[in-house]
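Below is one structure, written out as structure tokens, with a few remarks after it.
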Amino acid sequence: MTIVRFLTGDDVVSEIDLPTGVSVMRAAVTAGVPGIVGECGGQAMCATCHVYVVAPPMGSLPEVSEDEDEMLDSTAAPREPESRLSCQLKDIACDEVVLRLPERQL
Amino acid sequence: MTPGVVIIGAGHAGIELADALRACDYAGSITVVDQQTGAPYQRPPLSKELLGGGDDAPLPLRSDAFFEQSSIRLRADVAVSIDRAAKSVSLASGDSLAYDTLVLATGARARRLSLFDPAQPAIHELRSVDDARALSRALTEDARVVVVGGGFIGLELAAVAAHRCAAVTVIERGTRVLGRVVSPEMSDAMIARHRNAGVDVRLDTQVEDVVVRGDGCVSVCTSAGDVIANTVVVGVGVEPRSELAERAGLAVRDGIVVDASLRTSDHAIFAIGDVARFPGGRDGRSVRLESVPNATDQARHLAKLICGAREHYRSQPWFWSVQGADRVQIVGIASSDDDSRRIPARREDGVVILRHSNGLLRAVETLNEPGLHVAARKVLAAGPVPMAALAAVQYDLRAYRAA
């Protein structure tokens with residue numbers, strides 16, 4: 001089980017458990033983490049589950065697919081090197097993940 | 001407290017509206033009425049993930065805690081009639097709800113064909129999570145599946161079934177698949193993919209009779225011969241759920257007719273989402289769009305209107321479909337007589353088609369090219385796009401954007 005912490009600025013606003021096989025987007029929407037929308041239901045089609053990865057290092061997360069990479073160009077908040085779509089983050093091999101929420105998803 | 005906003009329908013449109021009302025500090029009461037019990041959920045994954053054998057719990061639209069914290073009341077009930085003079089909705093339970101503003105977000109239901117009896121266990125449709133669960137159980141390794149209808153839903157589930165089942169046949173009465181939504185060129189590309197995946201796609205084929213046999217199998221008799229199946233899925237589009245509006249005497253014409261403010265012919269009643277026919281087409285023509293982005297865009301817009309803004313609804317429609325490993329994305333609304341121009345894709349398995357008329361770009365269809373879809377959205381959002389200007393940059397959507 002991985003624990004995912006969501007930050008707004010530097011403050012932890014939510015903390016959820018991430019079961020195996022479940023995406024961060026799905027776990028966040030189910031738990032009601034404000035600021036994760038996931039309008040397309042997790043198909044990397046809408047770019048409304050954008051997050052900035054604070055920890056672990058980007059290299060230890062599932063690889064960014066070409067589709068995700070291209071959809072990241074349409075996020076409402078600026079894309080940064082740490083940007084990911086949380087619907088594509090699952091089965092993360094570490095105990096703790098820290099994600100910063102963007103200012104807007106739409 | 002005043003009666004507040006009553007929303008009929010807990011789909012993407014209704015729930016987004018409730019959320020957006022609170023987000024713009026609407027302080028009145030908000031009640032969402034829907035016949036479904038349980039938490040409101042997202043439908044797009046039903047024909048993709050859930051059917052693919054994924055997580056059995058549907059993805060909720062919002063968490064349970066959200067509704068409580070936002071003081072949004074969910075009522076599992078059916079709206080039966082509207083008393084417009086008294087501004088009140090009667091429910092099947094016998095209760096009635098008073099409103100200041102009533103919003104019809106009733107969505108659509110799967111269209112049925114009289115030849116197919118939905119009470120037969122082998123005959124399925126796909127709209128609700130229960131439909132998806134029943135269908136998922138039926139898509140076994142030895143299943144022989146017939147999909148009636150070559151639209152988005154039909155092809156999405158044909159792709160899932162092709163992955164899991166012994167035989168999959170798609171029966172389409174038109175001369176191409178996705179005929180209502182994409183260009184002939186994209187139809188050809190998609191049909192080739194499905195045939196490659198082993199799906200038997202039959203075009204120009206009418207279902208003439210359906211015989212349920214003693215062993216539970218179904219013989220689907222078509223103009224091009226019989227197909228035996230143990231699972232039949234009817235995916236022939238949807239019908240707007242506009243009966244409530246009709247009974248209340250509101251203007252209804254393949255959907256509830258609304259103006260540019262999403263208002264029906266009654267000042268206190270609005271309609272949004274799949275059920276709403278609004279003047280959002282080319283040259284102000286009315287359209288009814290079946291899509292999540294349309295539902296949520298309209299919901300957010302209406303929330304602003306209810307909270308006092310005064311602007312007309314304008315949006316750039318976009319659509320998506322996931323068919324097996326293939327991803328179709330469309331931005332803009334093409335008309336069936338628009339011209340098509342296929343431009344070079346960047347990926348080997350990509351297809352990009354520009355739809356245009358009178359020298360202007362109207363819509364862009366992409367297959368497995370999310371980057372170009374994103375570029376097309378930005379290009380079309382910026383205003384009218386002359387084809388000549390695109391030609392000047394060799395139809396490079398990203399270069400045009402930068403120009």
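Scope of the values below: all heavy atoms of this structure, side chains included, with no hydrogens, waters or symmetry mates. Residue numbers begin at 1 in each chain, while the letters A, B, ... track the order of the sequences. In this text the structure is predicted, and so the values were computed from the model without any measurement.
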### Message
Quick check for you: among Ala31(A), Gly32(A), Cys40(A), which has the greatest number of heavy-atom pairs under 4.5 Å with chain B?
### Response
Cys40(A)
### Audit row: Val322(B), Met45(A), side chain to side chain contact (heavy atoms under 4.5 Å, CB included) steps and yes/no
CA-CA 9 Å; Val322(B) 178; Met45(A) 287 285 194; 3.7 Å; yes
### Message
For Ser321(B), which atoms come within 4.5 Å of any heavy atom of chain A: side chain, backbone, both, or neither?
### Response
backbone
### Query
Does any heavy atom of chain B fall under 4.5 Å from the side chain of Leu72(A), the backbone, both, or neither of them?
neither
### Query
Does a salt bridge link Arg327(B) with Glu66(A), judged by any charged N lying under 4.0 Å from a carboxylate O?
no
### Message
Surrounding CD of Glu311(B) (heavy atoms of other residues, nucleotides or ligands, distance under 6.0 Å), is the total greater than 12?
### Response
yes
### Query
Taking side chain as C-beta onward, heavy atoms only, is Arg347(B) less than 4.5 Å from Glu70(A)?
yes
### Task
Work out which heavy atom in Asp73(A) is nearest to a heavy atom in Lys378(B); give both atom names and the distance.
O-NZ, 2.7 Å
### Summary
Between Ser74(A) and Val374(B) the two heavy atoms that sit nearest each other are CB-CG1, 3.5 Å
### Task
Return the minimal non-hydrogen interatomic distance between Glu39(A) and Trp320(B), and the atom names on each side.
O-CH2, 4.1 Å
### Task
Report the option among Ser63(B), Ala65(B), Pro293(B), Pro44(B) that has the most heavy-atom pairs separated by less than 4.5 Å from atoms of chain A.
Ser63(B)
### Flag, side chain of Gln42(B) to backbone of Gly42(A), donor-acceptor distance under 3.5 Å
no
### Query
At a heavy-atom separation under 4.5 Å, does Glu68(A) approach chain B through its side chain, its backbone, both, or neither?
neither
### Message
Does Glu68(B), at its CD atom, have more than 12 non-hydrogen atoms belonging to other residues, nucleotides or ligands within less than 6.0 Å?
### Response
no
### Message
Taking side chain as everything from C-beta outward and backbone as N, CA, C, O, which of these in Ala47(A) sits under 4.5 Å from a heavy atom of chain B? Side chain, backbone, both or neither.
### Response
neither
#### Entry: Derivation and outcome, side chain to side chain contact (heavy atoms under 4.5 Å, CB included), residues Asp67(A) and Glu369(B)
CA-CA 8 Å; Asp67(A) 284 348; Glu369(B) 290 283 3; over 6 Å; no
